[in-house]
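Here's the structure we're looking at; comments come further down.
Note that the numbering runs from 1 along the sequence shown for the chain. Note that the coordinates shown come from a computational prediction; the quantities given were computed from them, not determined experimentally.
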Amino acid sequence: MNKKLPNVYAVPITKELKNNKEIFKSSEGGMRSTPITDAEINKIFNDKTHVYKTKVQITTSKGVKEVDVVGETKTSLLTLSGETINKQDILNIKKV
């Protein structure tokens, strides 16, 4: 198994490379800077598994929390524990 492999020609790099100036790091859930849309919220409430409540993970600028969502108003989501979460503060929402 000690065969001699053929040599490969590689062009030498003589100039300075500057192609890694910007780095993008993606994380689970995909953080974004704009609030969620009504269509994303409606997708949760219109799901066949949503009867009275749905357990979701909500990411806001203050942190991540898991809550049971039971309803919505024009500007906020209502949770089973009586908490209201402003829709403009929500960066990401997903079912758990």
Side-chain angles (χ1 to χ4, degrees):
M1 197 79 191
N2 288 337
K3 279 186 170 182
K4 182 168 171 126
L5 297 175
N7 293 333
V8 177
Y9 176 74
V11 178
I13 300 172
T14 57
K15 62 181 182 176
E16 183 180 346
L17 299 177
K18 298 180 181 180
N19 58 354
N20 288 336
K21 289 288 183 182
E22 295 180 21
I23 298 172
F24 176 76
K25 183 179 178 184
S26 176
S27 63
E28 184 178 333
M31 292 292 293
R32 59 183 179 193
S33 60
T34 59
I36 60 171
T37 62
D38 287 334
E40 293 173 281
I41 294 172
N42 289 338
K43 188 173 16 171
I44 291 172
F45 286 112
N46 293 336
D47 195 330
K48 292 179 182 179
T49 60
H50 178 78
V51 177
Y52 170 66
K53 63 180 181 174
T54 301
K55 189 166 192 88
V56 294
Q57 181 181 30
I58 295 177
T59 305
T60 63
S61 57
K62 298 175 186 174
V64 178
K65 61 174 103 175
E66 287 188 11
V67 294
D68 292 319
V69 177
V70 294
E72 70 174 314
T73 64
K74 190 171 187 172
T75 59
S76 60
L77 292 178
L78 307 172
T79 66
L80 188 62
S81 62
E83 181 182 2
T84 58
I85 301 171
N86 192 353
K87 289 181 183 178
Q88 294 297 322
D89 295 337
I90 301 173
L91 299 175
N92 193 15
I93 186 169
K94 67 177 183 177
K95 281 180 66 171
V96 179

Next on the checklist: Taking NZ in K53 as the centre, count heavy atoms belonging to other residues, nucleotides or ligands within less than 6.0 Å. Is the count above 12?
Outcome noted: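 No, NZ of K53 has 12 or fewer neighbouring heavy atoms, counting only those of other groups under 6.0 Å.
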Checklist entry - Hey, what else clusters with Y52 if you join Ile, Leu, Val, Met, Phe, Trp, Tyr whenever side-chain heavy atoms sit under 4.5 Å? => result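 Answer for Y52: V70, L78, L80.
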Working to the nearest 0.5 Å, report the span between [atom1] of [X] and [atom2] of [Y].
{"X": "K95", "Y": "K43", "atom1": "NZ", "atom2": "NZ", "value": "10.5 Å"}
{"X": "D47", "Y": "T54", "atom1": "CG", "atom2": "OG1", "value": "7.0 Å"}
{"X": "K74", "Y": "D38", "atom1": "NZ", "atom2": "CG", "value": "9.5 Å"}
{"X": "I44", "Y": "I93", "atom1": "CD1", "atom2": "CD1", "value": "3.5 Å"}
{"X": "K94", "Y": "E66", "atom1": "NZ", "atom2": "CD", "value": "9.0 Å"}

Next on the checklist: If the test is side chain to side chain contact (heavy atoms under 4.5 Å, CB included), which one of N86, I90, V67 qualifies with L77?
Outcome noted: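 The option that passes is I90.
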Checklist entry - Considering residues at least two apart in sequence or located in another chain, which fulfil the side-chain hydrogen bond (donor to acceptor under 3.5 Å, both in side chains) criterion with E83? => result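 Expected list: K65.
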Checklist entry - With a 4.5 Å limit on heavy-atom distance, are the side chains of K87 and I36 in contact? => result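 They are not in side-chain contact.
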Item to check | Joint hydrophobic cluster, V69 plus V64, side-chain heavy atoms closer than 4.5 Å | outcome: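 No; tracing contacts between hydrophobic side chains, which count when under 4.5 Å, never links both residues.
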Checklist entry - Can you list the residues that meet the side chain to side chain contact (heavy atoms under 4.5 Å, CB included) rule with V8, with sequence neighbours excluded? => result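 None.
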